[in-house]
Amino acid sequence: MSLLEIGVAAFGAVYVVLAARNNAWCWPAGIISAALCIVFDVQLKYYLDAILQAYYVAAGFYGWYLWTRSTNAAASAGLSITAYPLKKQLPFIALGIVLTPAFGYVFSGLGNAYPYLDALTAVFSFIATYLTAKRILQSWLWWILIDILLIGQYIVKDANVLAFFYFFLTIMAFYGYFQWRKKFVVHDL
């Protein structure tokens, strides 16, 4: 366990708690967590996850921008919490299915540890982050599945603090889903 690993987990925990509460201050905490995780992932040879964390930094600024615009502007831009029926999620799922083996193949040649599992969690995390920034209710369901896979990924690498962190994130994703479900606008699941 390193101080870096603890920092990733601590700022990540602040991010998910605030995100579940629909609080825009989640994004700065997420940006810090992701920046620290880049360094940690490079040490573990999770290169694709390091790229994912760089995306999280950029997406953090994007999410922060979207979430801090005035309430009237956010509502008119469709940034209230909404739900996507499965039919509307299918293109995202198809994109993830297509990109996962491609990224896994590319990164297997770079010495990436567990390239296909890393690709699976990274690709679907890209998508889930986009859905979260757009305040789509089902983003939390995506996070539950991704976090469960990441628990196993970090246990295998003996990064137990991060494995426990992803266990915490799984629980918080359930919490976030139920908190957002109370507030979502479109009721056609």
Side-chain angles (χ1 to χ4, degrees), residues 1-20 23-68 92 95-96 99-134 139-140 142-173 176:
M1 175 184 348
S2 70
L3 190 56
L4 185 60
E5 189 178 6
I6 292 168
V8 170
F11 281 102
V14 171
Y15 163 78
V16 76
V17 168
L18 293 176
N23 184 317
W25 284 102
C26 67
W27 296 106
I31 291 166
I32 294 168
S33 176
L36 293 173
C37 199
I38 291 169
V39 176
F40 189 74
D41 281 334
V42 169
Q43 291 173 354
L44 293 178
K45 295 186 178 183
Y46 281 150
Y47 303 124
L48 192 52
D49 195 58
I51 291 169
L52 172 65
Q53 297 302 325
Y55 165 78
Y56 285 162
V57 170
F61 286 106
Y62 175 69
W64 197 9
Y65 168 75
L66 288 179
W67 285 31
T68 56
F92 294 110
L95 180 65
L99 291 178
T100 293
F103 277 94
Y105 177 77
V106 168
F107 281 84
S108 67
L110 298 174
N112 199 82
Y114 306 99
Y116 291 94
L117 177 59
D118 195 17
L120 176 74
T121 56
V123 166
F124 281 94
S125 293
F126 282 124
I127 296 166
T129 301
Y130 172 79
L131 295 173
T132 302
K134 291 292 191 178
S139 66
W140 291 106
W142 288 60
W143 286 121
I144 291 166
L145 296 173
I146 293 163
D147 291 342
I148 289 169
L149 289 172
L150 286 166
I151 292 167
Q153 184 173 322
Y154 282 107
I155 286 173
V156 168
K157 277 301 215 176
D158 207 23
N160 296 320
V161 170
L162 284 182
F164 180 77
F165 170 63
Y166 281 104
F167 174 74
F168 168 76
L169 290 182
T170 303
I171 292 168
M172 290 307 299

Exercise for the section: Give the ring-plane orientation class for Phe103 versus Phe107, where under 30° counts as parallel, over 60° as perpendicular and anything between as tilted. Expected result: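 Taking Phe107 first and then Phe103, their aromatic rings lie parallel (interplane angle under 30°).
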Exercise for the section: Please work out which of the three classes, parallel, tilted or perpendicular, describes the rings of Phe126 and Tyr55, given edges at 30° and 60°. Expected result: perpendicular
Can you see which heavy atom on [X] is nearest to which on [Y], and at what distance?
| X | Y | result |
| --- | --- | --- |
| Gly176 | Ala20 | CA-CB, 3.6 Å |
| Val14 | Ala29 | CG1-CB, 3.7 Å |
| Ala34 | Val57 | CB-CG2, 3.8 Å |
| Ala133 | Gly63 | CB-CA, 4.3 Å |
| Gly12 | Leu169 | O-CD2, 4.2 Å |
| Pro115 | Gly104 | CB-O, 3.5 Å |

Exercise for the section: Kindly state whether the ring of Trp27 and the ring of Tyr15 have centres lying under 6.0 angstrom apart. Expected result: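 Centroid separation for Trp27 and Tyr15: below 6.0 Å.
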Exercise for the section: Look at atom CZ of Phe11 and say whether more than 12 heavy atoms of other residues, nucleotides or ligands are closer to it than 6.0 Å. Expected result: no
Exercise for the section: Assess whether atom OH of Tyr116 is packed by more than 12 heavy atoms of other residues, nucleotides or ligands within 6.0 Å. Expected result: yes
Do [X] and [Y] come within less than 4.5 Å of each other through their side chains, counting heavy atoms only?
| X | Y | answer |
| --- | --- | --- |
| Asp118 | Thr121 | yes |
| Ser125 | Trp142 | no |
| Thr100 | Phe124 | yes |
| Tyr56 | Ser33 | no |
| Val156 | Tyr114 | yes |
| Ile151 | Asp147 | no |

Handout entry: Spacing of Ile146 atom CD1 and Leu149 atom CG [to the nearest 0.5 Å]
Key = 8.0 Å
Completion exercise
Hits for ring pair (Phe, Tyr, Trp, His ring centres under 6.0 Å) against Tyr154, two or more places apart or cross-chain, chain-then-number order -> Tyr46, Tyr166
Exercise for the section: For the pair Val8 and Gln53, evaluate side chain to side chain contact (heavy atoms under 4.5 Å, CB included) and give the outcome as yes or no after the intermediate values. Expected result: CA-CA 11 Å; Val8 170; Gln53 297 302 325; over 6 Å; no
Handout entry: Residues Phe40, Ser2; criterion side chain to side chain contact (heavy atoms under 4.5 Å, CB included); working and verdict
Key = CA-CA 9 Å; Phe40 189 74; Ser2 70; 4.0 Å; yes
Problem - Sole residue of Leu36, Leu44, Leu162 in side chain to side chain contact (heavy atoms under 4.5 Å, CB included) with Glu5 - result: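 That would be Leu162; it is the only one of Leu36, Leu44, Leu162 passing the side chain to side chain contact (heavy atoms under 4.5 Å, CB included) with Glu5.
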Handout entry: Any side-chain donor near an acceptor of the partner, Thr132 and Trp143, under 3.5 Å
Key =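 Distance-only check passes for Thr132 and Trp143.
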